[in-house]
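Lettering follows sequence order; numbering is per chain, from 1. No hydrogens, no waters, no symmetry mates; every other heavy atom, side chains included, goes into these values. Everything numeric here is computed off the predicted structure, so don't read it as measured data.
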Amino acid sequence: MKIGRVVGTVVSTISSPVFEGRRLLLCDLLDASGNPEGGYLICVDTVGSGAGEAVLILDEGNSARQVIGMSPAPIRAIVVGVVDQLMVDGELVLREG
Amino acid sequence: MKIGRVVGTVVSTISSPVFEGRRLLLCDLLDASGNPEGGYLICVDTVGSGAGEAVLILDEGNSARQVIGMSPAPIRAIVVGVVDQLMVDGELVLREG
Amino acid sequence: MKIGRVVGTVVSTISSPVFEGRRLLLCDLLDASGNPEGGYLICVDTVGSGAGEAVLILDEGNSARQVIGMSPAPIRAIVVGVVDQLMVDGELVLREG
Amino acid sequence: MKIGRVVGTVVSTISSPVFEGRRLLLCDLLDASGNPEGGYLICVDTVGSGAGEAVLILDEGNSARQVIGMSPAPIRAIVVGVVDQLMVDGELVLREG
Amino acid sequence: MKIGRVVGTVVSTISSPVFEGRRLLLCDLLDASGNPEGGYLICVDTVGSGAGEAVLILDEGNSARQVIGMSPAPIRAIVVGVVDQLMVDGELVLREG
């Protein structure tokens, strides 16, 4: 998994039952210090995460289908959790809430 | 998923039922600001997207086969939707149509 | 998929029925302008492509096994087609034959 | 697989039986000399590895599910072993314990 | 597949029947000229390759499990063959033995 931050949303014509009622989030990928590392992923939200939150991103189709509870389903990257706390080298890098 | 922009088409000798009647699109990958980030993918179109449109790209074989409705089928990256609107940090980065 | 150009061949001790009678091609990866972008893949040829040809590369195990018609089989990247024509931004970037 | 070093931990709202009682480790990826190469992965610990240890990281969903012994399960990157010794070009690059 | 060169070995606490009696090799990834391109992979040896040899690396779990003949098994990157000869642009770039 990678750590990301929710910075945007996508509205699109995508149509599949797996996307109904689920938001598409643009998540900046963060480095181990909690700063943007330059890339991003469009992720399907599965936990109700909101703008600005640090999140855990799981980028594997079979995992995504299992979390959503639909298979088959066209899906790969999802937000699987909100990061409450990230400790690196004994320091608190991220603390949410 | 990633956001891309349709900038080209490929004509090839590729032969498999999955490609019959479906165009191969060259899509520039876009960064979170909607600008080309330097890479591209050749994607099978599944939504009738056209030149210049911003699109959602899903790059996973099982997802692609499910969207196309053929399995097995030799396919991985597809265009799954047109981007109507991309909001990042509260700003409208892309707006189509 | 990505676009590549066949620039070399590999002779190896690899042994599996899937490689019998099939050549291993070293393909430079091309950018959207048809120029080498710096990387390469060793691909199993499935279409009789030759040195110097621009080709479509499909890099997914399940797709490769389906094209070859053997499963299970240890294979991932294959040449699935010769590029006849690549149009980008309305210009003819590649034209073979 | 890649070699990494455990440098941090993540506490999150992630919820799935596969994560119960298992820590999420932030592992810096190491180069062939045993130095950080700039990237990282959030890995599920499967061997009781601790802060500062050099570890083997296996980043494939099906492998992770097999090691954990749960399928389906939303998981991809795991720590599968502690590196006792890494020899490169005849030199001992890493030696733990 | 990619071309690599065996430059090291890893001794670890990894434990799964798939690793019994099989060495873990650190392989530098080579570019199309046969020179190190900067990255590496830890691969399970399946052909008895030795230090300094140029090898073919196949990095897909299902392929690896098929070559090893164990499924399920936690494995992804393997050495599948020794490179006897690599020809690029009509020149002999690598010749082993």
*Measure distances from I78(E) to the heavy atoms of chain C and classify the residue's part below 4.5 Å as side chain, backbone, both or neither.*
neither
Determine which donor-acceptor pairs between chain C and chain E fall under 3.5 Å and list them with their distances.
| from | atom 1 | to | atom 2 | distance (Å) |
| --- | --- | --- | --- | --- |
| V7(C) | O | D89(E) | N | 2.8 |
| T9(C) | N | M87(E) | O | 2.9 |
| T9(C) | O | M87(E) | N | 3.0 |
| V11(C) | N | Q85(E) | O | 2.8 |
| V11(C) | O | D84(E) | N | 2.8 |
| V11(C) | O | Q85(E) | N | 3.0 |
| T13(C) | N | V82(E) | O | 2.9 |
| T13(C) | OG1 | V82(E) | N | 2.8 |
| Y40(C) | OH | I3(E) | N | 2.9 |
| Y40(C) | OH | L30(E) | O | 2.6 |
| I42(C) | N | M1(E) | O | 2.8 |
| I42(C) | O | M1(E) | N | 2.9 |
| R65(C) | NH1 | E60(E) | OE1 | 3.2 |
| R65(C) | NH1 | S63(E) | OG | 3.4 |
| R65(C) | NH2 | E60(E) | OE1 | 3.4 |
| R65(C) | NH2 | E60(E) | OE2 | 2.8 |
| I75(C) | N | S63(E) | OG | 3.0 |
| I75(C) | O | S63(E) | OG | 3.4 |
| R76(C) | NH1 | D59(E) | O | 2.6 |

*How would you list, by chain and number, every residue that makes a side chain to side chain contact (heavy atoms under 4.5 Å, CB included) with V88(E), sequence neighbours excluded?*
V7(C), L26(C), L86(E), V93(E)
*Quick one: CG on L24(C) to CE on M1(E), what's the gap to the nearest 0.5 Å?*
4.5 Å
*Which residue out of I3(E), V83(E), L58(E), V55(E) racks up the most heavy-atom pairs below 4.5 Å with chain C?*
I3(E)
*So which of L41(C), I42(C), I75(C) has the biggest tally of heavy-atom pairs under 4.5 Å with chain E?*
I42(C)
*Counting heavy-atom pairs under 4.5 Å to chain E, which of G8(C), P72(C), G61(C) comes out on top?*
P72(C)
*Using non-hydrogen atoms and a 4.5 Å limit, figure out which bit of V47(E) sits close to chain C: side chain, backbone, both or neither.*
neither
*Nearest heavy-atom pair of L56(E) and I14(C): which atoms, and what distance?*
CD1-CD1, 4.2 Å
